*Asks:* 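Please find one structure pasted underneath; my questions will follow.
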There are 2 protein chains.
Amino acid sequence: MLMRTSRGLLEDVEAALKAAGLPPLAWYDVLLELEKAGNEGMRPFELKNRLLLPQYGTSRLLDRMVTAGLVDRQDCEDDGRGQIVSISDSGRETRASMWPVYGKVLVTRIGAKLTPEEAIQLARLLSKI
Amino acid sequence: MLMRTSRGLLEDVEAALKAAGLPPLAWYDVLLELEKAGNEGMRPFELKNRLLLPQYGTSRLLDRMVTAGLVDRQDCEDDGRGQIVSISDSGRETRASMWPVYGKVLVTRIGAKLTPEEAIQLARLLSKI
DNA sequence: CCTATGTCGATGCAGTTGCATCTATATTGA
DNA sequence: TCAATATAGATGCAACTGCATCGACATAGG
């Protein structure tokens, strides 16, 4: 049930984003992390750890986002192997415009079907897993 | 949180199946449906409706499963456009060998972390969505 | 200092997915 | 009956994913 539920939800969110001409959900997660990281940005491997993405996935996702101008990438001074990625102004705007679309699907798919107490309880149960 | 939880669970299941030299989880769902459908099998579009898969995804998934010998495909007599797919003996065996691997991950990831009452409650909440 | 090993990130390749479109057959209705 | 439309399933193409591996730099141990 968990699988079916979340897959359906995911598809709805992706479809809503696409219909609004916005990037996929994974980009939202990245933008949110980078926004939280502030101006100093963060290392790709840290992003990978936070979002539990595979290393190669992170590398290529960042590639695309840099190309799209949502993320800035610069060489890391402390570590010659590494780099620092940070969100651009355009990235901030994009994230902001994604949120209402994302949120609306969640509200209509979850908020409308569960009472607030149930939603809290669901969150509590899921967090234990 | 729902997304993160289910994605992690999914990855664990896929990894366990792969480690056991077994096909991916989607194949399990198909095999289970076909096994329930019995000897008459079922139409691909019906499978697509039940599993909520895209049409092209169903077509290609069945291609691979037929190639792997887990599914039999024959032309449909009633409808010249259509076909009938059904599970083969090998498919039944494969599904049977997948179940314990699948189940074990669920038990260790869910059963071990939630009490039976919590699990029931979780299922109830998810079913409302 | 130098070699061995570990970590960071990139990439070639094969397999998979999404999208749009196609062919073939079925159904509807004038 | 025949044209218009709808449905079943396949497929070319571009994008994306997983896997294995690579090259570059970092760090530890002798």
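A note on names: the letters A, B, ... follow the listed sequences, proteins ahead of strands, and every chain is numbered from 1. Note that the structure is a prediction, hence the values are computed from the model and not measured.
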*Asks:* Considering only NZ, NE, NH1 and NH2 on the basic side and carboxylate oxygens on the acidic side, decide whether Arg43(A) and Glu46(A) come within less than 4.0 Å.
*Replies:*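 Looking at Arg43(A) and Glu46(A), the cut-off is not met.
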
*Asks:* Whole angstroms only, please: what is the CE-C1' distance between Met65(A) and dA10(C)?
*Replies:*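 About 18 Å, once rounded to whole Å.
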
*Asks:* Which part of the nucleic acid does Asp79(B) contact within heavy-atom distance under 4.0 Å: base, sugar-phosphate only, or nothing?
*Replies:* sugar-phosphate

*Asks:* Give the angle between the helix axes at the two ends of the helix from dC1(C)-dG30(D) to dA30(C)-dT1(D), taking five base pairs at each end and rounding to 10°.
*Replies:*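 Axis-to-axis angle, ends of the helix: 10°.
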
*Asks:* Mind checking the CZ-OG spacing from Arg7(B) to Ser6(A)? Nearest 0.5 Å is all I need.
*Replies:*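 Going from the CZ atom of Arg7(B) to the OG atom of Ser6(A) covers 11.0 Å.
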
*Asks:* Judged by atom type as modelled, is there a donor-acceptor pair below 3.5 Å linking the side chain of Ser88(A) to the main-chain atoms of Leu70(A)?
*Replies:*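 Flag set: sc Ser88(A) to bb Leu70(A) pair under 3.5 Å.
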
*Asks:* Take atom CG of Asp78(B) and atom C1' of dT7(D), then tell me their distance rounded to the nearest Å.
*Replies:*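 Whole-Å distance recorded here is 15 Å.
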
*Asks:* Among Met98(B), Arg64(B), Glu14(B), which residue satisfies the side chain to side chain contact (heavy atoms under 4.5 Å, CB included) criterion with Pro24(B)?
*Replies:* Glu14(B)

*Asks:* Report yes if at least one side-chain N or O of Arg43(A) is closer than 4.0 Å to OP1 or OP2 of dG9(C); otherwise report no.
*Replies:* yes

*Asks:* How many Å lie between CD on Glu14(A) and P on dG18(C), as a whole number?
*Replies:*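 In whole Å, dG18(C) P and Glu14(A) CD are 10 Å from each other.
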
*Asks:* Contacts to DNA chain C from residues 48-57 of chain A, heavy-atom cutoff under 4.0 Å, which residues?
*Replies:* Gln55(A), Tyr56(A)

*Asks:* Could you check which of dA24(D), dA26(C), dT11(C) has an atom nearest any side-chain atom of Arg60(A)?
*Replies:* dT11(C)

*Asks:* Assuming nearest nucleotide by heavy-atom distance, tell me which of Glu11(A) and Arg73(A) is located more 5' along DNA chain C.
*Replies:*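 Counting from the 5' end, the first nearest nucleotide belongs to Arg73(A).
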
*Asks:* Counting side-chain heavy atoms from CB outward, which of dA6(D), dG9(C), dA10(C) is closest to Pro44(A)?
*Replies:*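 Output: dG9(C).
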
*Asks:* Taking only the side-chain nitrogens and oxygens of Arg64(B), find out if one of them lies under 4.0 Å from OP1 or OP2 of dT17(C).
*Replies:*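 For Arg64(B), the contact criterion (side-chain N or O under 4.0 Å from OP1 or OP2 of dT17(C)) is met.
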
*Asks:* Regarding Asp63(B) and Arg60(B), does a basic nitrogen lie under 4.0 Å from an acidic carboxylate oxygen?
*Replies:*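 No, no charged N to carboxylate O under 4.0 Å.
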
*Asks:* Roughly, in whole Å, what's the span from CZ in Phe45(B) to C1' in dT25(C)?
*Replies:*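 Roughly 14 Å, once rounded to whole Å.
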
*Asks:* Measure from CD on Gln83(B) to C1' on dT23(C) and round the result to the nearest Å.
*Replies:* 14 Å

*Asks:* Mind calculating the distance between CE (Met42(A)) and C1' (dG9(C)) to the nearest angstrom?
*Replies:*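 Rounded to the whole Å, the gap is 15 Å.
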
*Asks:* Say whether, by atom type as modelled, one donor and one acceptor occur between the side chain of Glu35(B) and the main chain of Ile87(B) under 3.5 angstrom.
*Replies:* no

*Asks:* For Val30(B), does its backbone N or O pair with a side-chain atom of Glu33(B) as donor and acceptor, under 3.5 Å?
*Replies:*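 Looks like no, no N/O pair under 3.5 Å.
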
*Asks:* Can you measure Glu46(B) atom CD to dT7(D) atom P for me and round it to whole angstrom units?
*Replies:* 16 Å

*Asks:* Hey, does the side chain of Lys18(A) come within less than 4.0 Å of dC19(C)'s phosphate (OP1/OP2), counting only N and O?
*Replies:* yes

*Asks:* Looking only at atom types and distance, does a side-chain atom of Arg73(A) sit under 3.5 Å from a main-chain N or O of Leu62(A), one as donor and one as acceptor?
*Replies:* no

*Asks:* Are Glu118(B) and Lys113(B) within salt-bridge range, i.e. N to O under 4.0 Å?
*Replies:* no

*Asks:* By the definition salt bridge (charged side-chain N to carboxylate O under 4.0 Å, His left out), identify the one residue from Lys18(B), Arg109(B), Lys104(B) that meets it with Asp12(B).
*Replies:* Arg109(B)

*Asks:* Once you round it to whole Å, what is the distance between C1' of dA8(D) and CG of Asp75(B)?
*Replies:* 12 Å

*Asks:* Reckon Arg81(A) has a side-chain N or O less than 4.0 Å from the OP1 or OP2 of dT27(D)?
*Replies:*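 Result: no.
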
*Asks:* Between Gly82(B) and Gly80(A), which residue's closest nucleotide on DNA chain D lies nearer the 5′ terminus?
*Replies:* Gly82(B)

*Asks:* By nearest atom, which of the nucleotides dA10(D), dA10(C), dT7(D) is closest to the Ser59(A) side chain?
*Replies:*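 The answer is dA10(C), which lies nearest to the side chain.
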
